[in-house]
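To start, the structure under review is shown below, and the notes come after it.
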Amino acid sequence: ASPTVGFGNAFPFGAEGVRTQQLIPGSVLGSAPAVINDLLVNPRFGGPLGITNSQVHYGDFEIRMGTTQATTLSSVWSNNTSNSVTVYRGPLLVHFVMDQWVPLGLPNSYLWSPQSPNDNLVIDFICWDVIDTGAVPVDSFGYFMSMRRSVSDTIKRAYRRFWTTQQGSNATWVDGFGIKLGFLLDDGNFAVSYTHLRA
(Lines give C-alpha, C1' and ligand atoms only; values in the text may rest on other atoms or scores of the structure.)
Protein backbone atom coordinates (compact mmCIF):
# COMPACT_ATOMS: atom_id res chain seq x y z
CA ALA A 1 0.00 0.00 0.00
CA SER A 2 1.51 3.31 -1.05
CA PRO A 3 2.26 5.66 1.84
CA THR A 4 2.17 8.71 -0.44
CA VAL A 5 -1.48 8.76 -1.52
CA GLY A 6 -4.72 9.58 0.28
CA PHE A 7 -6.06 12.68 1.95
CA GLY A 8 -5.39 13.57 5.58
CA ASN A 9 -7.34 13.18 8.80
CA ALA A 10 -6.46 14.72 12.16
CA PHE A 11 -8.35 12.08 14.15
CA PRO A 12 -7.18 10.27 16.22
CA PHE A 13 -3.50 11.34 16.40
CA GLY A 14 -3.74 15.05 15.67
CA ALA A 15 -6.26 16.42 18.17
CA GLU A 16 -6.55 16.18 21.94
CA GLY A 17 -9.66 14.74 23.55
CA VAL A 18 -10.83 12.70 20.55
CA ARG A 19 -12.25 9.19 20.63
CA THR A 20 -12.27 7.23 17.37
CA GLN A 21 -13.41 3.69 16.67
CA GLN A 22 -12.26 2.15 13.42
CA LEU A 23 -13.48 -1.02 11.70
CA ILE A 24 -10.92 -3.33 10.07
CA PRO A 25 -12.41 -6.08 7.89
CA GLY A 26 -11.36 -9.55 8.96
CA SER A 27 -10.11 -10.17 5.41
CA VAL A 28 -7.23 -7.78 6.09
CA LEU A 29 -5.85 -9.99 8.87
CA GLY A 30 -6.98 -13.38 7.61
CA SER A 31 -8.93 -16.22 9.16
CA ALA A 32 -6.05 -17.79 11.11
CA PRO A 33 -5.11 -16.56 14.60
CA ALA A 34 -2.34 -13.97 14.61
CA VAL A 35 -0.66 -11.79 17.19
CA ILE A 36 -0.74 -8.07 16.41
CA ASN A 37 2.55 -6.79 17.80
CA ASP A 38 2.31 -3.19 16.64
CA LEU A 39 0.29 -0.67 14.66
CA LEU A 40 1.76 1.57 11.98
CA VAL A 41 0.38 4.87 10.74
CA ASN A 42 1.03 6.93 7.64
CA PRO A 43 1.55 10.68 8.31
CA ARG A 44 0.53 13.35 5.82
CA PHE A 45 1.77 16.84 6.63
CA GLY A 46 4.22 19.42 5.39
CA GLY A 47 2.32 22.26 3.78
CA PRO A 48 3.90 25.65 3.18
CA LEU A 49 6.42 25.19 5.99
CA GLY A 50 7.89 22.10 4.34
CA ILE A 51 7.93 20.08 7.57
CA THR A 52 8.65 16.40 7.02
CA ASN A 53 9.32 15.22 10.61
CA SER A 54 7.50 15.86 13.85
CA GLN A 55 7.81 14.20 17.23
CA VAL A 56 4.60 14.24 19.26
CA HIS A 57 4.49 13.47 22.99
CA TYR A 58 1.10 12.18 24.14
CA GLY A 59 0.72 12.34 27.90
CA ASP A 60 -2.04 9.74 27.89
CA PHE A 61 -3.13 7.70 24.89
CA GLU A 62 -5.39 4.65 25.04
CA ILE A 63 -5.82 1.89 22.45
CA ARG A 64 -8.38 -0.90 22.72
CA MET A 65 -9.06 -3.78 20.35
CA GLY A 66 -12.06 -6.06 20.02
CA THR A 67 -14.17 -7.94 17.49
CA THR A 68 -17.55 -7.51 15.89
CA GLN A 69 -19.58 -9.22 13.20
CA ALA A 70 -21.03 -5.93 12.05
CA THR A 71 -19.88 -4.65 8.67
CA THR A 72 -20.30 -1.02 9.63
CA LEU A 73 -20.12 1.02 12.82
CA SER A 74 -22.98 2.62 14.69
CA SER A 75 -22.93 5.87 16.64
CA VAL A 76 -23.26 3.92 19.93
CA TRP A 77 -19.79 3.03 21.18
CA SER A 78 -20.90 -0.05 23.12
CA ASN A 79 -22.74 -1.52 20.13
CA ASN A 80 -19.60 -1.59 18.02
CA THR A 81 -17.75 -4.10 20.18
CA SER A 82 -18.56 -5.81 23.47
CA ASN A 83 -15.27 -7.58 24.12
CA SER A 84 -12.61 -4.90 23.75
CA VAL A 85 -9.27 -5.27 25.48
CA THR A 86 -7.05 -2.33 26.43
CA VAL A 87 -3.75 -3.06 24.71
CA TYR A 88 -2.15 0.21 25.74
CA ARG A 89 -2.81 3.17 28.03
CA GLY A 90 -0.20 5.68 29.04
CA PRO A 91 2.36 8.12 27.63
CA LEU A 92 3.28 7.67 23.99
CA LEU A 93 6.14 9.32 22.11
CA VAL A 94 5.93 8.99 18.32
CA HIS A 95 8.37 10.33 15.72
CA PHE A 96 6.20 10.90 12.66
CA VAL A 97 7.86 10.99 9.24
CA MET A 98 5.84 12.22 6.29
CA ASP A 99 4.81 9.60 3.70
CA GLN A 100 6.33 6.68 5.58
CA TRP A 101 4.82 3.84 7.58
CA VAL A 102 5.61 4.79 11.20
CA PRO A 103 5.32 2.25 14.06
CA LEU A 104 3.65 3.37 17.28
CA GLY A 105 5.89 1.11 19.37
CA LEU A 106 3.15 -0.59 21.39
CA PRO A 107 4.55 -2.59 24.32
CA ASN A 108 1.56 -4.98 24.42
CA SER A 109 0.23 -7.30 21.73
CA TYR A 110 -3.30 -8.36 20.80
CA LEU A 111 -4.37 -11.85 19.77
CA TRP A 112 -6.52 -11.77 16.65
CA SER A 113 -8.41 -15.04 16.97
CA PRO A 114 -11.55 -14.97 14.82
CA GLN A 115 -14.28 -17.35 15.93
CA SER A 116 -16.26 -16.87 12.75
CA PRO A 117 -15.56 -15.94 9.11
CA ASN A 118 -17.71 -12.87 9.82
CA ASP A 119 -15.48 -11.50 12.58
CA ASN A 120 -13.99 -8.04 12.04
CA LEU A 121 -11.58 -6.03 14.19
CA VAL A 122 -12.56 -2.80 15.93
CA ILE A 123 -9.80 -0.50 17.21
CA ASP A 124 -10.68 2.19 19.73
CA PHE A 125 -8.29 5.16 19.96
CA ILE A 126 -8.64 7.73 22.75
CA CYS A 127 -6.29 10.71 22.87
CA TRP A 128 -6.67 11.82 26.49
CA ASP A 129 -3.79 14.26 26.77
CA VAL A 130 -1.05 15.80 24.62
CA ILE A 131 2.09 17.20 26.25
CA ASP A 132 3.91 18.42 23.12
CA THR A 133 2.26 18.73 19.69
CA GLY A 134 5.60 18.74 17.86
CA ALA A 135 6.87 20.77 14.91
CA VAL A 136 3.59 21.24 13.04
CA PRO A 137 1.83 24.45 14.14
CA VAL A 138 -1.57 23.93 15.78
CA ASP A 139 -4.29 25.34 13.52
CA SER A 140 -7.46 27.21 14.48
CA PHE A 141 -9.32 23.92 15.05
CA GLY A 142 -6.65 22.65 17.44
CA TYR A 143 -5.31 20.12 14.91
CA PHE A 144 -1.55 19.47 14.68
CA MET A 145 -1.08 16.21 12.80
CA SER A 146 -2.81 14.31 10.00
CA MET A 147 -2.65 10.65 9.04
CA ARG A 148 -3.48 9.52 5.52
CA ARG A 149 -6.85 7.92 4.84
CA SER A 150 -7.73 5.74 1.88
CA VAL A 151 -8.14 7.32 -1.53
CA SER A 152 -11.65 5.86 -1.80
CA ASP A 153 -12.64 6.82 1.79
CA THR A 154 -13.85 3.31 2.59
CA ILE A 155 -12.28 2.73 6.03
CA LYS A 156 -15.20 2.97 8.43
CA ARG A 157 -14.92 5.01 11.63
CA ALA A 158 -17.02 6.55 14.39
CA TYR A 159 -15.71 9.57 16.26
CA ARG A 160 -16.43 12.24 18.82
CA ARG A 161 -14.32 15.29 19.56
CA PHE A 162 -14.06 16.49 23.19
CA TRP A 163 -15.04 13.00 24.28
CA THR A 164 -12.58 12.98 27.17
CA THR A 165 -14.42 15.84 28.87
CA GLN A 166 -17.99 14.92 27.91
CA GLN A 167 -17.82 11.09 28.04
CA GLY A 168 -20.74 10.83 25.62
CA SER A 169 -22.14 7.35 25.01
CA ASN A 170 -22.65 8.16 21.34
CA ALA A 171 -20.27 9.13 18.58
CA THR A 172 -20.90 12.43 16.83
CA TRP A 173 -20.47 10.98 13.38
CA VAL A 174 -19.96 7.73 11.48
CA ASP A 175 -18.29 7.82 8.05
CA GLY A 176 -15.66 6.21 5.82
CA PHE A 177 -12.79 8.58 6.64
CA GLY A 178 -10.81 6.23 8.87
CA ILE A 179 -7.03 6.37 8.63
CA LYS A 180 -4.81 3.83 6.89
CA LEU A 181 -3.33 1.41 9.41
CA GLY A 182 -0.56 -1.14 9.18
CA PHE A 183 -0.37 -4.23 11.40
CA LEU A 184 2.90 -5.88 12.35
CA LEU A 185 2.08 -9.53 12.95
CA ASP A 186 4.01 -12.06 15.02
CA ASP A 187 5.28 -13.87 11.91
CA GLY A 188 6.79 -10.66 10.54
CA ASN A 189 4.04 -10.12 7.97
CA PHE A 190 2.69 -6.64 7.40
CA ALA A 191 -1.05 -6.32 6.81
CA VAL A 192 -2.48 -3.00 5.67
CA SER A 193 -5.99 -1.62 5.99
CA TYR A 194 -5.91 0.46 2.85
CA THR A 195 -7.61 -1.26 -0.04
CA HIS A 196 -8.96 -4.02 2.19
CA LEU A 197 -6.40 -6.44 0.79
CA ARG A 198 -3.72 -8.31 2.70
CA ALA A 199 -0.30 -6.97 1.74
Side-chain angles (χ1 to χ4, degrees), residues 1-4 6-25 28-29 34-46 51-67 81 84-112 120-136 138 143-150 155-159 161 163-164 177-194 198-199:
S2 172
T4 62
F7 298 103
N9 197 324
F11 300 167
F13 291 99
E16 190 174 50
V18 173
R19 180 177 183 179
T20 306
Q21 285 182 334
Q22 192 157 314
L23 181 71
I24 309 300
V28 171
L29 298 168
V35 176
I36 300 172
N37 284 329
D38 203 359
L39 297 174
L40 295 93
V41 294
N42 181 202
R44 177 189 186 268
F45 57 98
I51 298 169
T52 59
N53 293 264
S54 182
Q55 183 169 276
V56 178
H57 187 188
Y58 302 94
D60 190 358
F61 202 99
E62 183 173 1
I63 300 175
R64 307 170 186 168
M65 296 188 192
T67 58
T81 179
S84 63
V85 175
T86 300
V87 296
Y88 184 74
R89 171 116 193 233
L92 186 65
L93 184 67
V94 184
H95 185 82
F96 295 106
V97 181
M98 184 175 69
D99 294 340
Q100 292 188 21
W101 286 105
V102 175
L104 297 180
L106 298 181
N108 302 313
S109 59
Y110 176 77
L111 176 62
W112 164 252
N120 299 309
L121 178 67
V122 174
I123 304 181
D124 209 333
F125 298 101
I126 305 174
C127 182
W128 291 93
D129 176 62
V130 179
I131 293 174
D132 187 343
T133 57
V136 180
V138 179
Y143 304 157
F144 54 85
M145 177 63 61
S146 290
M147 299 298 116
R148 286 193 184 273
R149 61 184 199 258
S150 74
I155 301 176
K156 297 174 176 67
R157 66 159 185 177
Y159 71 89
R161 196 171 183 209
W163 185 83
T164 57
F177 295 158
I179 63 170
K180 297 194 296 186
L181 287 169
F183 299 84
L184 180 63
L185 306 181
D186 58 334
D187 59 2
N189 281 334
F190 180 55
V192 179
S193 177
Y194 171 59
R198 191 179 175 96

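Residue numbers count from 1 along this sequence.
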Over all heavy atoms of both residues, which pair between [X] and [Y] is shortest? Give the atoms and the distance, please.
X      : Y      : value
Ala135 : Ser54  : N-OG, 2.9 Å
Tyr110 : Gly66  : OH-CA, 3.6 Å
Met145 : Phe96  : CE-CD1, 3.6 Å
Ala15  : Tyr143 : CB-CD2, 3.7 Å
Asn42  : Trp101 : CB-CZ3, 3.9 Å

> Within the distance-only criterion (no hydrogens, no angle test), does the side chain of Tyr58 pair as donor or acceptor with the backbone N or O of Phe13 below 3.5 angstrom?
Replying inline: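 Yes; at least one donor-acceptor contact below 3.5 Å.
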
> Does Thr67 offer a backbone N or O that forms a donor-acceptor pair with the side chain of Thr81 under 3.5 Å?
Replying inline: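 Pair found, side chain donor or acceptor close to backbone of Thr67.
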
>> Looking only at the aromatic ring of each residue, does the gap between the centers of Phe177 and Tyr159 stay below 6.0 angstrom?
In response: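 Ring centres of Phe177 and Tyr159 not closer than 6.0 Å.
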
> Partners of Glu16 by side-chain contact (heavy atoms from CB on, under 4.5 Å), sequence neighbours excluded?
Replying inline: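 Only Asp129, Val130 meet the side-chain contact (heavy atoms from CB on, under 4.5 Å) criterion with Glu16.
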
> What residues form a salt bridge (charged side-chain N to carboxylate O under 4.0 Å, His left out) with Asp99, not counting sequence neighbours?
Replying inline: Arg148

>> List the residues meeting side-chain hydrogen bond (donor to acceptor under 3.5 Å, both in side chains) with Asn9, not counting sequence neighbours, and say none if there are none.
In response: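 Partners of Asn9 under the side-chain hydrogen bond (donor to acceptor under 3.5 Å, both in side chains) test: Arg157.
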
Hey, what do you get for [atom1] ([X]) to [atom2] ([Y]), rounding to the nearest 0.5 Å?
X     : Y      : atom1 : atom2 : value
Ile36 : Leu185 : CD1   : CG    : 6.5 Å
Leu40 : Leu104 : CG    : CG    : 7.0 Å
Thr20 : Ile126 : OG1   : CD1   : 9.0 Å

>> Whether Arg19 engages the ring of Trp128 as a cation-pi pair (distance to the six-membered ring centre under 6.0 angstrom, angle to the ring normal within 45°) should be assessed.
In response: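 Negative - Arg19 is either too far from the ring of Trp128 or too far off its axis.
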
